[in-house]
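Note sheet for the following structure.
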Amino acid sequence: MSSADSALPVPVGRPRTRASRRDLWRFLAKRLVAGAFLCVGITLVSFVLTQLVPGDPAAANLGNRAVEDPAAVAAFRAQYGLDKPLPVQYAVYLGKLVRGDLGESQQSHRTVKADLAEYIPATFELALFAIVLSLLVGVTLGVVAAVFRDRWPDQVLRVVSLAGVSMPTFWIALLAFFVFFYKLGWLPGGGRLGPALTPPPRTTGMFTVDAALAGQWGVLGSALEHLVLPGLVLATYTVGMLLRFTRASMLEILGNDYVRAARAKGLPERVVVVRHVLRPALISIITVAGLAFGSLLSGTVLVETIYSWPGLGQYAYTSAKNLDLPAIMGVSVVVAAVYIAINLLVDLLYGVIDPRIRLS
Amino acid sequence: MRKRSFVVGSASLVALMALAACGGGSSAGTPASGTGSAAAPANQTLVVDTTFNLKTVDPGRMFETTGLLIDRALYSTLLTFTGGDVKKPVPDLAESYTASPDGTTYTFKLRSDAVFSDGTPVTSADVVFSLNRVKAIAGNPSFLMAGITVTAPDASTVVLTSEKPNPSIPFIVPNPALGILNSTAVKASGGTDAEGADKNDKAETALNTASQGSGPYTLSSFSTTTQVVLEANAKYWGTKPAYSKVVLRNVAANVQKLNVTKGESQIALDLSPTQAEGMKDVQVVNGASPNVFFLFTNNDPKISATTANKDFQEAVRYGIDYDGLVALAGTGSTQAAGVIPTMFLGSLPAGSGVKRDVARAKAALARSGISNPTVDIGYPSDFASNGIAFGDLAARVQANLKEVGITVNLKGSSVQTALAEYRDGKEQMGLWFWGPDYPDPGDYLVFLPDQLVGKRAGYVKGANPALEALGEKAATTVDDAERVKLYEQIQTELNTSSPFMPLLQPAQIVVAGQSVKNVQSNAVWLATLSELG
């Protein structure tokens, strides 16, 4: 760091003290307790809403003949606890939830926990790919647009970002599928792996990571190849959004006196832009990126359907369609937990980016 | 430093994507892949794309379309069907069978060389266990065994005894839900056929992990939403399947079309006639679907005095443009002459169905004394079968009846909501289809008064005593020639006086790459995977 640079009023964090660490832990504990209550609240809302939907889970899950057979209906109701009064059903669910038991899916006939353990890593892998790509491309292009404000790169990028946020994702998904798989044959059409390949030994459930850990490079190549197209499609929207937010935040900061001062002191433009403009702009960028990541994790039903990607979105959609109450509740809890965790992470990152925000 | 990391990160990601994109197209390079016209070598992977309707492959609990397709490959049954012929059950585990003259007792002789995938022989005890388990679990397929008891006089003989004469039994036992399990292995996994199996049988998870059958394939991996992988059963006692591995993938219909054209898959099972039209370099097998779409007007005056009126029912029957509906359903679809589809015993001859007669419909409406009738029609608006959206059909019915002077309000709702209304018999008019539980006309007695579908249309006991008597006689008649006559009479009567209007029988399209041989559409389990060459 040059002497001119160090003279600027960039906020510097105070050394961590035992007291500040205690405050941090207290903050985390409070947020986690509030998050747990929020999750319980979500289960209540989901439970009540599911009960309001006209339709009977037994009728939805039993066949045409079995639904007319009182023994089959009784067996189904008993198996899923539907023969008990609603408050008891909810209390039983909560009791199990505390023990980490999310119940059994009426559709897959497996525990919801096992289902979620299968689908969450698939969605996480896809969402992570999309958000990392979006951050790299969206933020970079946003910086470029801000720096070249009202000149041709900015004008081109504004059109690009507008297109990204305006085009429906399912349409881009279909178009990309048609062009890159069907017409050009550059990328595979759907699924997570080539049909002749066996998934790698499970460690994380993310095929790319597991294949790399197992040293199965052919599987890794196929997993990456299958990730590219749906990942790019999902990234289209978030790139557009991050580009716009980055540009707007940067422009707001570029007009500040301390930026003019930095330039007046002769700092290279790169240093001004990256260290004194982009860093404070990251606060709003991270907020948006966090929300976008949560959204990607909690449901990308259409993209998952078009690309036969066995993720949480497809699971949630199928469960809702079939009134699979335990699965719906399980997905709701997971989605709530995802948003709580991401918001918490974003709040913590604020402190990392801007020490003024840290707890005293 | 941070900037460098950013740049390195970006470069790595781009490189990774480039590596993936240029990675040789591993999925397109799988042994079974290639262009639609390329020859797929034997003993390789067959990729089948279908839209999953799958909950389990445990035969005792399975009764969904995709489950039937898979279990047919995993489990042998006493009798079976080959190719697309479902009129004639042929031996599978039973080398022969005899029926008692009164149609209550069926004796099956088991073949001696059949073994399970672990090499243990298939015995009559396994058959008794498997069939009793289906019954005791009280799951979706349990009705198949209703009123039937199973005994085993010796190790190679099985006797099925029915409370009433039951000529449908040879057509029921080929159902993959009645696949024969290795009883020792299933019991070891917590399976039971004893009373209380609905609570005590714990074998489903094990059966969804590893199959315990004697069919041409074994289960390699199972997911209800992604894909199911089958491997050829090395111990299979019959003709070995041509493909050593079958991958069934859950894929939306429009994507199936692109996949099969591109050679990414070899079979697509869910294309509509419109989607299959004009496809090149692939085989399009346009088989008839056994699903019969029908319309009903509720016969219960408490639900609607209008729809219960016999003259109103006649007005609807003759007001519908059947040819227009068939055209809407696409190439290969036909008008349903009666409720029994064309490929089953007892179906009415093609072309003998009701023809549109607007003048007759208007006259009937005038006779009814109901002026400007307005009725609601219920249907699943978010559901399509054989590529036919119920919403489209309902709109066409609405337009047809408008010409007669009947106003129809479209009351489409989600399939679960609509299904609840339909099953509770609350719909004034309903638009649904009936898919066979087993390929025998006995399965269509459900349309008679006081039967399963009849009750849903308010067609209750005493509504047509002569028809009810015919139904009872048909249910217990053993002689096929006599059965054909009876079922024809029943359908003719239904077409004359019942609240049901059979509309159409759609096409069932199977699209396959040119390399796949012996592609046939099967009315019960879509296609026989082990017969594909």
Side-chain angles (χ1 to χ4, degrees), chain A residues 53-56 59-69 71-72 74-75 78-79 107-110 118-119 132-133 136 140 177-178 181-182 185-199 218 221-222 224-228 270 274 305-306 308 310 314-315 318 321-323, chain B residues 3 6 9-10 13 16-17 19-21 23-33 45 47 55-56 58 61 63 137-143 198-199 204-205 208 221 223-227 245 247 249-252 254-255 258-259 261-262 264-265 382 414-417 419-420 423 437 452:
Chain A
V53 175
D56 177 8
N61 287 283
L62 290 176
N64 228 340
R65 297 279 195 165
V67 78
E68 302 291 333
D69 176 4
Q79 186 183 352
Q107 276 298 294
S108 69
H109 297 187
R110 296 194 308 172
E118 183 182 329
Y119 301 125
V132 170
L133 187 68
L136 290 175
T140 307
F177 189 92
F178 185 74
F181 162 63
Y182 186 69
W186 290 356
L187 291 163
R192 295 178 73 189
L193 276 185
L197 295 173
T198 306
S222 179
L224 279 170
E225 197 178 49
H226 283 78
L227 197 55
V228 170
R270 262 183 316 160
V274 174
T305 302
I306 291 164
S308 309
Q314 272 208 62
Y315 183 60
T318 315
K321 219 171 76 172
N322 291 290
L323 302 178
Chain B
K3 267 192 296 180
F6 180 83
S10 309
L13 192 81
L16 212 57
M17 285 170 57
L19 175 77
S26 70
S27 86
T30 57
S33 298
T45 301
V47 181
K55 292 178 183 170
T56 178
D58 174 354
R61 295 175 167 89
F63 210 65
I137 281 176
N140 277 338
S142 296
F143 76 93
D198 56 330
K199 292 185 183 69
E204 185 181 5
T205 306
N208 283 339
S221 76
S223 162
T224 53
T225 54
T226 326
Q227 66 175 31
K245 182 175 175 181
V247 179
R249 307 188 304 182
N250 183 18
V251 177
N254 53 346
V255 179
L258 298 182
N259 282 348
T261 311
K262 196 75 183 163
E264 174 102 352
S265 68
D382 59 348
S414 76
V415 64
Q416 299 308 343
T417 308
L419 206 53
R423 284 174 171 168
D437 300 307
L452 186 90

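Just so we're on the same page: letters track the sequence lines, and every chain starts at 1.
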Closest approach of A:P188 and B:E264, non-hydrogen atoms and distance? CB-OE2, 4.3 Å

Between B:V255 and A:I306, the two heavy atoms sitting closest are CG2-O, 3.6 Å

Distance, nearest 0.5 Å, that separates NZ of A:K321 from OG of B:S414: 10.0 Å

Looking at every non-hydrogen atom in both residues, tell me the closest pair between A:A66 and B:G139 and how far apart they are. CB-O, 4.0 Å

By a 4.5 Å heavy-atom criterion (distance strictly below it), what part of A:Q107 contacts chain B: side chain, backbone, both, or neither? both

Any side-chain heavy atom of B:K55 sitting closer than 4.5 Å to one from A:N61? yes

Quick one: closest heavy-atom pair of B:D437 and A:R65, and the distance? OD2-NE, 2.7 Å

Nearest-0.5 Å distance that lies between atom CG in B:D58 and atom NE2 in A:H109: 9.5 Å

Using a cut-off of under 4.5 Å for heavy-atom pairs, which of B:E204, B:R249, B:Q227, B:R423 has the most such pairs with chain A? B:R423

Relative to chain B, which of A:L227, A:D56, A:D69, A:V67 shows the most heavy atom pairs under 4.5 Å? A:V67

Please classify the contact of B:L452 with chain A as side chain, backbone, both or neither, using a heavy-atom distance under 4.5 Å. side chain

How many angstroms lie between OG1 in A:T318 and CG in B:N250, if you round to the nearest 0.5 Å? 8.0 Å

Toward chain A, the part of B:A138 with a non-hydrogen atom under 4.5 Å: both

Under 4.5 Å to a heavy atom of chain A? For B:T417 that would be both

Hits for side-chain contact (heavy atoms from CB on, under 4.5 Å) against B:S223, two or more places apart or cross-chain, chain-then-number order -> A:E118, A:Y119, B:T225, B:T226

What distance do B:F143 atom CZ and A:E68 atom CD have between them, rounded to the nearest 0.5 Å? 12.0 Å

Output for pair (B:N254 CG, A:T305 OG1), nearest 0.5 Å, gives 10.0 Å

Under 4.5 Å from any heavy atom of chain B - which part of A:F177: side chain

Contact class of B:D198 relative to chain A, heavy atoms under 4.5 angstrom: side chain

